[in-house]
Protein chains: 2
Amino acid sequence: MPSPSVEDYIKAIYKAHADNGSVATQELAERLHVSAPAVSKMMRKLSVLKLISHAPYQGVELTRAGEKLALEIIRHHRLIELYLVQAMGFSWDSVHEEAERLEHHISEEFEDKIDELLGHPTACPHGDPIPTRAGTIAPITDRPLALERSPARLMVKRVSDEDAELLRHFQALGVTPGTAIELVTQEPFEGPLVLKVGGKRVRLTPQAAKKVFVDAITTSEEDK
Amino acid sequence: MPSPSVEDYIKAIYKAHADNGSVATQELAERLHVSAPAVSKMMRKLSVLKLISHAPYQGVELTRAGEKLALEIIRHHRLIELYLVQAMGFSWDSVHEEAERLEHHISEEFEDKIDELLGHPTACPHGDPIPTRAGTIAPITDRPLALERSPARLMVKRVSDEDAELLRHFQALGVTPGTAIELVTQEPFEGPLVLKVGGKRVRLTPQAAKKVFVDAITTSEEDK
DNA sequence: CAGCACGCTTGACTTCGGTTAACTTAGCTC
DNA sequence: GAGCTAAGTTAACCGAAGTCAAGCGTGCTG
């Protein structure tokens with residue numbers, strides 16, 4: 001059974017890969033709040049464990065075993081987040097940290113139980129897909145709202161879960177997963193985006209809009 | 001914030017004290033499945049942390065700070081156990097291990113939330129009292145069933161939670177906290193105790209009867 | 001294409017929690 | 001009260017995961 005530390009590294013590699021495509025030593029160091037040498041050393045260890053493939057000075061890549069482990073931890077994380085929100089009444093801005101700790105310490109039975117109690121959900125409170133037990137995950141099709149350039153009707157799919165402050169802001173604006181919004185315009189000189197959310201006009205800085213992920217509205221969602 | 005390891009030692013000291021009155025190095029080593037030297041070293045550390053007072057070769061005693069820490073961990077443990085059973089539908093013989101891990105990793109907010117969701121309970125599924133947040137605990141008044149010598153009507157208060165097999169046995173017999181039982185007799189030569197539980201006669205080995213804790217029946221419980 | 005800067009890795013050391021082996025100490029037995 | 005035994009402690013060491021300082025490698029820049 002891998003240590004929490006190993007799990008954190010594997011998860012960070014998975015996320016860096018998903019976010020950037022690349023996985024640099026330094027980036028992992030920043031994500032994990034450790035020094036670069038700590039990362040280098042751990043990479044060797046993970047190589048030996050066959051969780052990554054790693055040619056020194058080149059990048060790092062998860063093996064299938066590493067990916068499965070990453071997805072299992074992420075599954076734990078997202079199921080826990082959703083359970084905390086839906087079953088226990090926590091607010092969506094307060095569950096990330098708790099899940100971050102608990103994800104390393106729950107049993108398979110616990111995982112299965114909350115999955116069952118939640119009715120086999122497919123997304124966490126922030127809209128991220130929940131991996132299956134088998135180690136697969138729905139592909140991401142959404143794009144950052146910040147990249148949308150022309151007015152359009154859009155569906156909020158996900159928001160970044162790591163900044164509680166920002167999550168409260170999104171909630172106050174009504175920008176939450178499953179909400180249909182309309183991008184009206186962007187104010188000049190990299191100014192805020194102007195949106196229509198539930199009939200109200202709201203403004204969102206480009207910074208914040210990077211953390212909101214949207215998709216074109218599908219016909220089945222038209223009734224919103 | 002103390003490490004899980006420190007918490008485990010403090011909890012073991014508390015329990016050894018409660019069970020035996022004394023706290024020997026060797027006993028802690030057995031309870032924690034570590035070597036005696038590991039205990040010795042940790043005792044020095046806990047002394048420095050002012051969680052215990054420890055004169056070498058003499059026993060060890062929790063300070064008030066140590067006791068508070070022990071009670072906080074035990075509170076976590078018992079609240080988690082109860083939540084797993086009552087809110088999530090786990091069986092009472094399967095929750096000890098899960099609680100053993102999770103007790104070290106939940107936040108104060110989580111602790112408060114389950115306390116609230118459970119309606120500020122006073123006992124875990126095995127009948128052990130739940131310490132308060134302030135670090136107090138209801139005194140134990142029950143005695144091991146194995147020590148009862150004469151026929152009597154008794155109330156099951158607690159059962160030991162550490163052996164899942166035994167818990168299933170107790171459940172099958174109907175010997176659970178809150179159940180009134182009647183001690184009929186003990187068969188000769190340290191034979192099993194004969195009980196009446198819910199109208200049925202059942203037999204319990206002295207070994208098992210050591211793990212059941214009973215009290216005289218109070219008038220308010222007469223209606224059972 | 002030489003040189004250099006930056007990023008990555010190696011090396012030497014720390015802390016934490018554990019081990020085994022060797023040695024004290026307390027308390028019991030004669 | 002001397003001596004032994006069992007329990008407790010100290011010493012030397014290990015592995016995990018981290019640190020800082022120093023040394024490589026890659027690839028961009030002039």
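Every chain is numbered from 1, with letters handed out A, B, ... down the list of sequences.
One finds a side-chain N or O of Ser5(A) lying less than 4.0 angstrom from the OP1 or OP2 phosphate oxygen of dG18(D). Within the 4.0 Å cut-off from OP1 or OP2 of dG17(C), at least one side-chain nitrogen or oxygen of Lys45(B) is found. Residue Ser3(A) has a polar side-chain atom (N or O) positioned under 4.0 Å from OP1 or OP2 of dA17(D). Between His54(B) and the phosphate of dT9(D), there is a side-chain N or O to OP1/OP2 separation shorter than 4.0 Å.
In this structure, the CG atom of Asp8(B) is 17 Å from the P atom of dC16(C), given to the nearest Å. Per the geometry, CE belonging to Met42(B) stands 11 Å off P belonging to dT19(C), to the nearest Å. Here the C1' atom of nucleotide dG15(D) and the CG atom of Leu49(A) are 13 Å apart, to the nearest Å. We find that NE2 of His33(B) is positioned 12 Å from P of dT19(C), with the value rounded to whole Å. Rounded to an integer number of Å, the gap from CG of Leu46(A) to C1' of dA17(D) is 12 Å. Between the C1' atom of dA17(D) and the CZ atom of Arg44(A) lies a distance of 14 Å, rounded to the nearest Å. Spacing between atom CD1 of Ile13(A) and atom P of dC8(C) amounts to 13 Å, rounded to whole angstrom units. Rounded to whole angstrom, the span from the CD atom of Glu7(A) across to the P atom of dA17(D) amounts to 11 Å.
Counting heavy atoms from C-beta on, the side chains of Met43(A) and Pro56(A) never come closer than 4.5 Å. Within the 4.5 Å cutoff, side-chain heavy atoms of Glu98(A) are placed close to those of Ile106(B).
Relative to the side chain of Val34(A), the nucleotides dT9(C), dG18(D), dT19(C) differ in distance, and dG18(D) lies closest. Distances were taken from every side-chain heavy atom of Lys41(A) (C-beta onward) to each of dT19(C), dT9(C), dA17(D); the shortest belongs to dA17(D). Side-chain proximity of Ser40(A) to dC8(C), dT19(D), dT19(C): nearest is dC8(C). Closest approach to the Gln26(A) side chain among dG17(C), dG18(D), dC8(C) is made by dC8(C) (side chain taken as heavy atoms from C-beta onward).
Listed by first and then second residue, the salt bridge (charged side-chain N to carboxylate O under 4.0 Å, His left out) pairs involving residues 119-128 of chain B are Asp128(B)-Arg158(B) (not counting sequence neighbours).
Between Tyr83(B) and Tyr83(A), the ring planes lie perpendicular to each other; the angle is over 60°, past the 30° to 60° tilted range.
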Decide yes or no on side chain to side chain contact (heavy atoms under 4.5 Å, CB included) for Phe110(B) and Leu84(A), but give the supporting numbers first. CA-CA 9 Å; Phe110(B) 188 88; Leu84(A) 292 172; 3.5 Å; yes
Find every protein N or O atom lying less than 3.5 Å from an N or O atom of nucleotides 21-27 of chain C, and list the pairs.
{"unit_1": "dT24(C)", "atom_1": "O2", "unit_2": "Tyr57(B)", "atom_2": "OH", "d": "3.4"}

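Here the SG-CD1 distance, from Cys124(A) to Ile74(A), works out to 10.5 Å after rounding to the nearest 0.5 Å.
As judged by a 4.0 angstrom heavy-atom cut-off over every strand, Thr25(B) is placed among residues touching the sugar-phosphate backbone only.
Of the possible donor and acceptor atoms, one in the side chain of His126(B) sits under 3.5 Å from a partner among the backbone N and O of Trp92(B).
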